[in-house]
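A short write-up of the structure that comes next.
Protein chains get the first letters and strands the later ones, always in sequence-line order, with residue 1 at the start of each.
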Amino acid sequence: MTDTAEADAAPAARRGSGLARWFNRRGWADLTIATPYVWLTIFFLLPFMIVTAMSFASRTPTSPPFSFGVHDSFLNFENFARLFEDDLYRRAFLISIRNAALATLLCLLIGYPMALGLTRVSRSARNILLMLVILPFWTSFLLRVYAWMGLMGTNSWFNRLLTSIYNGLVPDDWAIRSIQMMHTNFAVVLVTVYSYLPFMILPLYANLEKLDLTLDEAAMDLGSRPFRVFLDVTLPLSIPGIIAGAMLVFIPACGELIIPGLVGNPSQPMIGRVISDEFSSARDWPMASAVSVALLFLMVGPMMLYSHFEAKAQEKKAMEP
Amino acid sequence: MRATAPAEPVRTSAADPAPFIRIDGVSKYFGTFRAVENVSLEIRKGEIFALLGGSGCGKTTLLRMLAGFEDPTKGRIFIDGQDMTGVPAYDRPVNMMFQSYALFPHMSVEKNVGYGLKHERMSDAERKDRVREMLELVQLSQFAHRKPHQISGGQRQRVALARALARQPKLLLLDEPLAALDKKLREHTQFELMDIQHKTGTTFIVVTHDQEEAMILSDRMAVMDKGEVRQVGSPTEIYEYPTNRFVAGFIGSINFAEATVASISGDLAEVEVPSFGGRMTARAVPGLAPGQALTLAVRPEKLAISRERPAAGNAVRGVVSDVGYFGKDSLYKVRLPSGAVLSAHSANARRAAEAERVATWEDEVWLCFDPTAAILLTG
Ligand SMILES: Nc1ncnc2c1ncn2[C@@H]1O[C@H](COP(=O)(O)OP(=O)(O)OP(=O)(O)O)[C@@H](O)[C@H]1O
Ligand SMILES: [Mg+2]
C-alpha cells in the first residue's frame, strides 16, 4: 500500500507549480528564442528607427536641435541629397571604405596563416597562443594607439631604424631625415590592422578548427599535393570564417573614429569624424543621422543581397534532378 | 566434404612468386603504445582481403600505413613490387574509402567523383566519360548534381566508393565501408561491392569488425588482435580450421574444453577431456605429444542432439538447461554432469510443434560429434 502511495506522490512533486510546469514545458524554449529578439529590438531596432526618422528631420536652433515639417513636406530629403551633392561626404565614404578594405585584406592575409597555424599546433600550445592573440585586449585600446603614435613619430627609435634602413638602400642624394608615418593613410591602415587582427583570427580559427582533417587526407589520397589540398578543400570550406572575420574587421573599421582621429591625416575626411563633427560641432543631428543611415545601408545592403541570392541559388540547385 | 580436407591447410606464402602487396614486418608505435606489431601479409592481385578484429586492434592504422598517411615505425610495404617507404599518399597507386566517407561537402556528387581525375593526364571529355561511367556503376547518375548533404547515407557511401574507384587504383582500401548502413542495406551493398570488385578487378582490402561481413566479402582474411595478425586464410579455413583460441573464439560461437593428449594414432588423437567426463577422439594437429595440455573446441552446429546414444563418434550426456528457438534453428544449452554447459545448434529442418521437438527443458540428451569436427588448439 505504502509503495503505491509513494509512487503516486513522486510524479506530482515533479510536476510542481503551474509556473514551473509552464517553464519546463514551453517557457525555456520560448525564452531562449525571445532573448535575441528582445535585445535587438530594444538596443538596435528602436535606436535605428529613431536615427532613421531623425535623418528625415530638419536642423533647427531648438533643443533638441531638429524638428519635422519645417519644409513643405513632413519628410525632408535634403540631407540625403546633400550626401550626393557635397564632395566632402563622397570623399569621406571613399577614403574610409578604401582604408577599411585595405586593412581587412591585410588582416586576412596575416590572420589566415595564423588561424590555420593555430589549428595545427599541439593542444597545449594552441591554448597559450590563443591567449596571446586575445591578450592585447587586456590593455586599453587608446593606450595601444598612443603606443603606435610614439613608434611612428619622427624621433622614435622605430622611425630612425626604418629611416636608416631606407637610407642604406638608396643612393645618397635620396637620403631623408625621417619617414613621415604619422598623419597618413598608411598609419591609419597599420594601426587598424594591428587593432582589429584578433577579430579576424578568432572567427577564422573557430571555423578552421571545425574542419574535418579526413577531408584533407581524402584530397591527398586522390592525388593532391598539400597546397592543392589547401586550395581545393581548406580554403573553400573556410569561406564562412573569412566572411565573418572580414565583416568583423571591415564594418567597425569603416566607422572608426579614434584611429583616423589620432594617427590619420586631419585634412582628409573620414566617415567617423564626419558623423562626430556633424553631431557635436555643427549640431546638425539630422545630417549626422543621414550619414549614419547611408553608412549602414552601404554595409548591410550588399550583404543582405548576397545572402538572399546565395540562398536562392542553393535552393535552385537542390531542386535540380 | 570439407571435413576430409587436410587438418592444417597452411597456405605457404612462398608459393606466390610475387605477391601484389607485401607487408613486411610492419610495426607502428604511438609513443610506447604498439598499435600494430610485426605484421607480415601478402595479398594477391584482384582479391578481396579482409582485415578483421575487435575495436582498437590496429586495423585502421594498418590501412593508413598502406595509404601513406602514417609511416611504419618498422618494416616495409611493397605495392606491385615497389617499396612504398617515403612515398607520399598523393603519389601512391592506392585509393581509400574512408570510414566517414570524407566526401567534400562543398562539391556536387559529380565533382566529388571527378576530383581525383584532375591530376590524371586525360582530356576533359575522357574525364566526363569516366565520371559518368563511375556514377552508372554505383547507380547514382540521377544524383550527379546534388551535394553530399542532399543524399542518403547509403548513397553517400556509394559516392565515396565511386570516387575512390574513379582513378582506377591498383589497390582500394575500404575502412569499415558498410558500418554506417542498416542491416538490410548492408547485406545488399556487400553483394554490390563484390560485384563491383569483379567488374573492375581491383584489389580490395576491407577493414571490418563484423565477422559475417568479412566471411561474405572476402577471398581471404586476416584476424587481428592487439596489433598482431593471429591467422590468415580463406573464410572456410578461418572458421573450420582456426589455429588458436583467439581466432576460434572470435569467429562464430564455439564450445571450449580443457583437454590433455592421451594417445596419438595416425591422424587421430585421443584426448582426455575431464569436463566431458571421458576420452574424445579428434583429428590430430602436427606436433602433438602425449600428456600435452590443449583446448578442444567444437562449434555448436557440429554437435548433434539426440535422445538415444548414437552408435559412433564422440558422445556426451547432459541435461537440457535452456532452449532458444530462432525459427530456422534452435539453440540448446546442455549442462553436463561436470557442470560445464555446451551449446548445440540444430536446424529446424522439419515443421514441428513444440511438443514434437527433439528435446526440451530438463530432458536428458546425448550430444554427439564427429572426430573431424573437433578442433584441437594448442595456441
Ligand atoms: N594517432 C594516434 N596516437 C596514439 N594512439 C593512436 C593513434 N591512432 C591510433 N591509436 C591507437 O592505436 C590503436 C589502434 O587504432 P586503430 O584506429 O588502428 O584501431 P581499429 O582497429 O581501426 O579500431 P576500430 O575498429 O575501433 O576502428 C588504438 O588503441 C588507438 O587508440
Ligand atoms: Mg578503425
Practice task
Inspect the surroundings of CE in B:M122 and state if more than 12 heavy atoms from other residues, nucleotides or ligands are less than 6.0 Å away.
Solution key: yes
Pairs of donor and acceptor atoms involving the side chains of residues 245-255 of chain A, under 3.5 Å and at least two apart or interchain, shall be tabulated with distances.
none

Problem - More than 12 heavy atoms of other groups within 6.0 Å of B:K111 NZ - result: no
Handout entry: Partner residues of A:I134 under the side chain to side chain contact (heavy atoms under 4.5 Å, CB included) criterion, sequence neighbours left out
Key = A:F137, A:L202
Exercise for the section: Measure distances from B:L103 to the heavy atoms of chain A and classify the residue's part below 4.5 Å as side chain, backbone, both or neither. Expected result: backbone
Problem - side chain to side chain donor-acceptor pair (under 3.5 Å) contacts in which one or both residues fall within residues 151-160 of chain B, not counting sequence neighbours - result: B:S152-B:Q155
Practice task
For each of B:A164, B:P169, B:S100, B:P105, tally heavy-atom pairs with chain A at distances under 4.5 Å, and name the one with the top tally.
Solution key: B:P105
Handout entry: Structural part of B:M97 lying under 4.5 Å from a heavy atom of chain A
Key = neither
Exercise for the section: For atom CZ of B:F30, decide whether the heavy atoms of other residues, nucleotides or ligands shown that lie under 6.0 angstrom number more than 12. Expected result: yes
Fill in the blank from the handout: Correct closest heavy-atom pair for A:E217 and B:F69 would be O-CZ, 3.3 Å
Problem - Atom CE of A:M49 with >12 non-hydrogen neighbours under 6.0 angstrom - result: no
Handout entry: Straight-line distance of A:D212 CG to B:Y101 OH, nearest 0.5 Å
Key = 14.0 Å
Problem - chain A contact via B:R64 - which portion, at a heavy-atom distance below 4.5 Å - result: side chain
Practice task
Could you list which of residues 219-235 of chain A have a heavy atom closer than 4.5 Å to any heavy atom of chain B, in residue-number order?
Solution key: A:A219, A:M220, A:D221, A:L222, A:G223, A:S224, A:R225, A:P226, A:R228, A:D232, A:V233
Problem - Proximal component of A:L215, with respect to chain B [non-hydrogen, under 4.5 Å] - result: both
Exercise for the section: Give a yes or no on this: more than 12 heavy atoms of other residues, nucleotides or ligands lie within 6.0 Å of atom NZ of B:K118. Expected result: yes
Handout entry: Atom CH2 of A:W22: over 12 foreign heavy atoms under 6.0 Å
Key = yes
